2 protein chains.
Amino acid sequence: MAQDTRERLLDQAEALFAERGFYGVSIAAIASELGLTKQALLHHFGSKEKLYGEVLKRISSRFMALREQLSDLEPVQGLKDYFLALLRKDHLGSHATTVLMRELLDNKRRADTAGTWYLRGFLENLIGQVKEVPLWRDAGDAAALAFVYQILGAINYYEISQPTLTGIFGPDFYRRLDTNYPDQLVQLIEAGLAAGPPSGN
Amino acid sequence: MAQDTRERLLDQAEALFAERGFYGVSIAAIASELGLTKQALLHHFGSKEKLYGEVLKRISSRFMALREQLSDLEPVQGLKDYFLALLRKDHLGSHATTVLMRELLDNKRRADTAGTWYLRGFLENLIGQVKEVPLWRDAGDAAALAFVYQILGAINYYEISQPTLTGIFGPDFYRRLDTNYPDQLVQLIEAGLAAGPPSGN
DNA sequence: TGTGTAACTTACCATATGGTAGGGTGTCAA
DNA sequence: TTGACACCCTACCATATGGTAAGTTACACA
């Protein structure tokens, strides 16, 4: 029961942090959404910063789980599945990528590494998987990461643009775009992998 | 002289909005950085929201200028130059992309379309340029936009990740990554364009 | 010389915020 | 029955914030 409240607070916090960002949400707003006062929240988490840390931790553990789930495949297919799972946000919840994006923007000034420690494992795993593709076997880590980052960007930037794109082009157009995006992402992954690492490296 | 102060306030606001986001910066902080009080800022801009709008407007006009500057080239080369210019942030200032990214995240709740109206022309121009590539001549607008967005994502997501990536992998590794990123981006653009639009569309 | 106006300033204010202090209630073990 | 503890509340506080009101200074112009 207590665990239940904690979990619900974390859910609410994750959703609101995603929507408004760390500075845009008050702890009172988070608690009030569940019919609680901010002191209930402070009782569970101690401070706003700590609550935010727990939200990041929870997201990170979901990424970990997704990572382990898809690692035993043929490398190219594995990468495609991996990135498609990210695009569909399988088991990540609908706000994970947004919160992470905001963290990328903010953690330059927040000196802590709360959001980065787990990204390391995540990225290294992807680098490894790219280098298992025959054509990429001799690529440098930097080249492999560059490719990974291009695809991650294609996924996440598209993700956060949904409201804006719908606003600009209308819901019908957006639906058409969204239906085909996964296929076009797969196509880009295949094309990029087939092109191989840059010759200079 | 008055114009000068206004411009300096806009510069400072753009930098701080990029670093901390709209809610993370106070107008007092912006003004104080120039040795002024927040009332000087309010005198020039009326309110914080209006100041923010002016910052977006200024960024948008720079995008417009860049767009006009590079439009008369052979389509593939034109696209490569275009995207490379975005990656290098030619004439955009170092904070434009970050501010825009934050705007994408925030304008879901801010109902206004301050940030979107100009993006339309920008994106439509890119769509047109993609469809001038022979292989893409019969592609739908949605397919062309999907491709454009993949590249924009590869550029902008990478851009905001610099501090995090440097923190994770160290400055040496990041430098290697950054040196090769433009070439790998060009390679991805070429590969993606050569693959053509998805067959289903 | 007077008048207006742009470009600021100091005072002030209502509101929101994160956080502390301390109290109340229920549950569970001794 | 009592004590401890988890859970949540009301009361309170110092600080920060966006914004208003009312000057002050300097300069342009008639």
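Nothing here was measured: the structure is a model prediction, and the numbers come from that model. Excluded from the calculations below are hydrogen atoms, water molecules and symmetry mates; all remaining heavy atoms, backbone and side chain alike, are included. Letters A, B, ... mirror the listed sequences (proteins, then strands); counts begin at 1.
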Closest approach to the side chain of [X], judged atom by atom: which nucleotide of [options] is it?
X	options	answer
A:Ser26	D:dC8, C:dT9, C:dG18	C:dG18
A:Gln39	C:dT9, C:dG19, D:dC8	C:dG19
A:Lys38	D:dG18, C:dG18, C:dA6	C:dG18
B:His43	D:dG18, C:dT20, C:dC8	C:dC8

For atom [atom1] of [X] and atom [atom2] of [N], their distance in whole Å:
X	N	atom1	atom2	value
B:Arg6	C:dA6	CZ	P	13 Å
B:Ile27	C:dC8	CD1	C1'	15 Å
A:Leu34	D:dC8	CG	C1'	13 Å
A:His44	D:dA6	NE2	C1'	9 Å
A:Leu41	C:dG19	CG	C1'	12 Å
A:Glu7	D:dC7	CD	P	13 Å
A:Glu49	C:dT17	CD	P	16 Å
B:Phe45	C:dC8	CZ	P	11 Å

Handout entry: Name of the residue among A:Asp178, A:Thr179, A:Asp172 meeting side chain to side chain donor-acceptor pair (under 3.5 Å) with A:Arg175
Key =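 That would be A:Asp172.
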Practice task
Answer with yes or no whether the side chains of B:Gln77 and B:Asp81 bring together a donor and an acceptor at under 3.5 Å.
Solution key: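 Yes, a side-chain donor-acceptor pair sits under 3.5 Å.
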Practice task
Check whether any side-chain nitrogen or oxygen of A:Ser47 sits under 4.0 Å from OP1 or OP2 of C:dG18, and answer yes or no.
Solution key: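 It does not, given that no N or O in the side chain of A:Ser47 lies less than 4.0 Å from OP1 or OP2 of C:dG18.
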Exercise for the section: Return no unless some side-chain N or O of A:Thr37 is found under 4.0 Å from OP1 or OP2 of D:dC8. Expected result: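 No, because none of the side-chain N or O atoms of A:Thr37 sits under 4.0 Å from OP1 or OP2 of D:dC8.
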Practice task
Give the ring-plane orientation class for B:Tyr158 versus B:Tyr174, where under 30° counts as parallel, over 60° as perpendicular and anything between as tilted.
Solution key: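 Ring orientation, 0 to 90° scale: parallel.
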Exercise for the section: Could you check whether A:Ala40 gets within reach of a base, just the sugar-phosphate, or nothing at all, counting any heavy atom under 4.0 Å? Expected result: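 Sugar-phosphate: the residue A:Ala40, judged by heavy atoms under 4.0 Å, touches backbone atoms but no base.
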Exercise for the section: Remember a base hit wins even if backbone is also touched, and classify B:Leu42 as base, sugar-phosphate or nothing at under 4.0 Å, heavy atoms. Expected result: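 Result for B:Leu42 = base.
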Practice task
State, with a plain yes or no, whether a side-chain heavy atom of B:Leu126 is found less than 4.5 Å away from one of B:Phe83.
Solution key: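 Yes, close enough: below the 4.5 Å cut-off.
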Practice task
Could you tell me whether the side chain of B:Lys48 and the main chain of B:Val25 form a donor-acceptor pair under 3.5 Å?
Solution key: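 Checked: pair present.
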